[in-house]
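One structure is given below, encoded as structure tokens.
Scope of the values below: all heavy atoms of this structure, side chains included, with no hydrogens, waters or symmetry mates.
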Amino acid sequence: MAIRLAVRLTPRGGRDAIDGWARDEKGQFYLKARVAAPPVDGSANAALVLMIAKALKISRGSVRIASGDQTRLKILEIEGVAQMDLERILGQP
């Protein structure tokens with residue numbers, strides 16, 4: 001079973017980093033992330049997938065963008081990691 005994770009991505013953010021949790025206007029939590037890659041030809045999305053996979057110590061193929069590949073707010077589906085481990089590594093909202 002895949003875990004769904006909302007991420008707000010900032011491309012051309014200067015460096016690859018996970019910047020913690022925030023809440024949108026509807027009260028939904030999302031993870032803030034930035035990558036150095038520009039939003040051209042999917043390179044920012046690829047950098048995000050790689051960064052999340054490295055942080056969780058899983059394969060790149062276990063992380064996919066389920067929706068939002070053309071927008072800043074993305075929904076990731078992550079396989080092979082428990083919710084407990086995700087919260088331990090990325091923090092809790």
| message | Any non-hydrogen side-chain atom of Leu9 less than 4.5 Å from a side-chain atom of Asn45? | response | yes

| query | Between Tyr30 and Arg23, what is the shortest heavy-atom contact and its length? | reply | CE2-C, 3.7 Å

| request: Return the minimal non-hydrogen interatomic distance between Val7 and Ala33, and the atom names on each side. | output: CG1-CB, 3.9 Å

| How about Arg72: does its CZ atom have over 12 heavy atoms from other parts shown lying under 6.0 Å from it? | yes

| Would you say Leu48 and Val63 make side-chain contact, with heavy atoms under 4.5 Å? | no

| Minimum heavy-atom distance between Pro39 and Ala44, given as atom pair plus value | CA-CB, 4.0 Å

| said: Quick check: closest heavy atoms across Ala47 and Ala37, and the distance to 0.1 Å? | reply: CB-CB, 4.2 Å

| task | May I ask you to decide if Lys32's main-chain N or O and Trp21's side chain share a donor-acceptor pair within less than 3.5 Å? | result | no

| field | Ser62 (side chain) donor-acceptor with Ile78 (main chain) under 3.5 angstrom | value | no

| said: For a side chain to side chain contact (heavy atoms under 4.5 Å, CB included) check, start with the C-alpha distance between Asp19 and Thr10, then their side-chain angles and the critical distance, and finish with the verdict. | reply: CA-CA 10 Å; Asp19 294 329; Thr10 302; over 6 Å; no

| query | Can a salt bridge be assigned to the pair Asp16 and Arg34 using a cut-off of 4.0 Å between side-chain N and carboxylate O? | reply | no

| query | Which atoms form the tightest heavy-atom contact between Lys74 and Gly68, and what is the distance? | reply | NZ-O, 2.9 Å

| request: Check step by step if side chain to side chain contact (heavy atoms under 4.5 Å, CB included) holds for Met51 and Val35. | output: CA-CA 9 Å; Met51 179 175 60; Val35 294; 4.1 Å; yes

| Distance, nearest 0.5 Å, that separates CZ of Arg4 from OG of Ser67 | 6.0 Å

| message | My understanding is that only residues two or more places apart in sequence, or in another chain, count here; which of them pass salt bridge (charged side-chain N to carboxylate O under 4.0 Å, His left out) with Arg8? | response | none

| field | Common cluster, Leu50/Ile18, ILVMFWY with side-chain heavy-atom separation under 4.5 Å | value | no

| request: Output the distance between atom CD (Glu79) and atom CG (Leu56), rounded to the nearest 0.5 Å. | output: 12.5 Å

| Sub-3.5 Å donor-acceptor pair from the side chain of Asp24 to the main-chain atoms of Lys26, do we have one? | yes

| task | Please determine which of Val81, Leu90, Ile75 meets the side chain to side chain contact (heavy atoms under 4.5 Å, CB included) test together with Leu5. | result | Leu90

| task | State whether the number of non-hydrogen atoms from other residues, nucleotides or ligands found under 6.0 Å of Gln83 atom CD is greater than 12. | result | yes

| query | How many angstroms lie between atom CD1 of Ile65 and atom CD of Gln70, to the nearest 0.5 angstrom? | reply | 9.5 Å

